[in-house]
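Each remark here refers to the structure printed beneath this line.
When reading the values below, keep in mind they use all heavy atoms of this one structure, side chains included, and skip hydrogens, waters and symmetry mates. All of these numbers come straight from a predicted model, not from anything done at the bench.
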Amino acid sequence: MPEDEKSPISVRQAHSLFADFKRADALILAVSGGPDSIALMWLAARWRKALSRGPDLLAVTVDHGLREESAREAREVKRLARELGVPHRTVRWSGEKPKSGVPAAARAARYRLLATVARQNGASHIGGLAAMARQTERDGVLIARPLLNVSKAQLVATLEKAKIGYADDPTNRDVSFTRPRIRTVIEQISPEGGDARNLARLASRLARANAAIEVLADGAARYLALKGQTMRSPRGATSGAQRATFEAVAFASLPEEIRLRLLLRAIDRIGHEGPAELGKAEALLAALDRALQNAAAPRLKQTLAGAIVSLSAGRITIEPAPPRRHRRV
């Protein structure tokens, strides 16, 4: 690892990391207590104090209730936030926890709870939440990751220089979970150029390409609508009353990726078990393509994510599927 990736973050570097958020009204800091999020809060607090005007900061800790130490760690974050002059709030993931898929469910709950706090406080951005893109949108709130290109070693060095402690979550090293296994793989491929910084750069390029494709998908949807090839239910109708149709030939003329995204959008909007799995949507699109090649009488009817997708009389129709019947034990 280059020496500069082990050195503390400078004041100038810290200011550049948060420069994009200077004009935001409010910024939610997602702080779990680990080194990454503690560094985020410490750096953001110093950055904000140096500004004459800037966003209001609010540190938020999500207590998932999955470990005995989580409540104590949330209190430690609150204590440090108070020392830094940053308001703090702890929110809890309540209710019954799933027996499997716990990390994914906890992550979804974390996003949901943080987005709720952001809306309640008029915040346009949430800072933190580890991922591979610098900024994404979710539930109407921008998820920002200002420390995406900063190595963990540099964050730890920054905290050690400032003599600030942090929590150590043992699940982050438990390779029975997906994310720790991925981190282990990254450590192994890092010497070959697969380090976090290069992966983040790749993710940024993919995000740029994805944004361009989304614009094309928007244009395709508008084109079909203007041509009268797409019909939707009236504005304000409930999801149960929604229904979308595409003229099959016009739909089939679009590029595969655009067709897939339009199909996913319709299923996710109309179905009641979404979001649809990408692999299953791809299989459904392939089935549609095969059915359309039957020039005599193309027909198809399949269910995905609570939506019925059918092909008949030259039209593709997406409508809500009937609720599943549960067997009595």
Side-chain angles (χ1 to χ4, degrees), residues 17-18 20-34 36-41 43-45 47-48 54-66 70-71 73-74 77-78 81 86-98 101-148 169 171 178-179 200 203-204 207 210-211 214 218 238-239 261 264-265 267-278 305-306:
L17 291 172
F18 294 93
D20 292 345
F21 317 116
K22 184 176 180 180
R23 298 186 182 278
D25 292 330
L27 178 62
I28 300 296
L29 304 174
V31 187
S32 64
D36 296 17
S37 62
I38 290 292
L40 171 76
M41 180 171 66
L43 291 166
W47 164 75
R48 179 62 186 88
D56 294 330
L57 300 182
L58 174 62
V60 178
T61 302
V62 178
D63 182 356
H64 299 90
L66 299 174
S70 61
E73 291 168 0
V77 173
K78 183 175 183 177
V86 177
H88 177 271
R89 179 178 171 187
T90 298
V91 292
R92 292 173 176 80
W93 181 25
S94 57
E96 187 176 355
K97 307 298 190 296
V102 174
R107 188 162 55 252
R110 184 161 61 250
Y111 275 110
R112 184 178 67 254
L113 291 167
L114 288 167
T116 298
V117 174
R119 287 191 292 269
Q120 291 172 346
N121 290 271
S124 57
H125 293 72
I126 299 174
L129 299 172
M132 295 305 293
R134 180 172 172 82
Q135 185 165 288
T136 55
E137 186 275 336
R138 184 161 181 159
D139 296 331
V141 180
L142 291 174
I143 309 298
R145 303 169 182 89
L147 307 184
L148 183 64
D169 184 351
T171 62
T178 301
R179 291 199 167 206
S204 177
N210 179 68
E214 281 292 291
D218 291 342
T238 63
S239 59
R261 294 187 183 222
L264 274 168
R265 288 180 184 185
I267 292 172
D268 289 346
R269 188 182 78 249
I270 295 169
H272 49 79
E273 297 177 5
E277 293 182 27
L278 178 59

Sorted by chain and number, sequence neighbours left out, side-chain hydrogen bond (donor to acceptor under 3.5 Å, both in side chains) with His125 holds for none
TODO: For Thr90 and Asp63, test the side chains for any donor-to-acceptor distance below 3.5 angstrom and give the result as yes or no.
DONE: no
What pair of heavy atoms forms the shortest contact from [X] to [Y], and how long is it?
X: Ala24; Y: Pro55; answer: O-CB, 3.1 Å
X: Ile38; Y: Gly33; answer: CG1-O, 3.4 Å
X: Pro146; Y: Phe18; answer: CG-CE2, 3.8 Å
X: Ala26; Y: Asn121; answer: CB-O, 4.0 Å
X: Asp36; Y: Leu147; answer: O-CD1, 3.8 Å
X: Met41; Y: Ala59; answer: SD-CB, 3.7 Å

Q | Enclosure of Asp25 CG (heavy-atom neighbours >12, cutoff 6.0 Å) | A | no
Practice prompt. Can you establish whether the number of heavy atoms outside Glu214 located under 6.0 Å from its atom CD is more than 12?
Written response: yes
Rounded to the nearest 0.5 Å, what's the gap from [atom1] on [X] to [atom2] on [Y]? Could you check?
X: Ile270; Y: Ile267; atom1: CD1; atom2: CD1; answer: 9.0 Å
X: Arg119; Y: Ile28; atom1: CZ; atom2: CD1; answer: 11.5 Å
X: Leu29; Y: Leu40; atom1: CG; atom2: CG; answer: 5.0 Å
X: Thr61; Y: Arg110; atom1: OG1; atom2: CZ; answer: 11.5 Å

**OP:** Before giving the answer on side chain to side chain contact (heavy atoms under 4.5 Å, CB included), spell out for Gln120 and Arg89 the whole-Å C-alpha distance, their side-chain angles and the decisive distance to 0.1 Å.
**Re:** CA-CA 12 Å; Gln120 291 172 346; Arg89 179 178 171 187; 3.0 Å; yes
Given the rule in the side chain to side chain contact (heavy atoms under 4.5 Å, CB included) test, do Val117 and Leu58 qualify, once you have shown the distances and angles that lead to the verdict?
CA-CA 9 Å; Val117 174; Leu58 174 62; 3.9 Å; yes
Quiz item: Does the pair Leu17 and Trp47 meet the rule for a side chain to side chain contact (heavy atoms under 4.5 Å, CB included), with working shown?
Solution: CA-CA 9 Å; Leu17 291 172; Trp47 164 75; over 6 Å; no
### Query
Is a salt bridge present between Arg261 and Asp218, judged by a nitrogen-to-oxygen distance below 4.0 Å?
no
Give the intermediate values and the outcome of side chain to side chain contact (heavy atoms under 4.5 Å, CB included) for residues Ile126 and Leu142.
CA-CA 6 Å; Ile126 299 174; Leu142 291 174; over 6 Å; no
**Q.** pair Asp56-Leu27: side-chain heavy atoms closer than 4.5 Å
**A.** no
Parallel, tilted or perpendicular, judged at 30° and 60°: which one describes the rings of His64 and Trp93? perpendicular
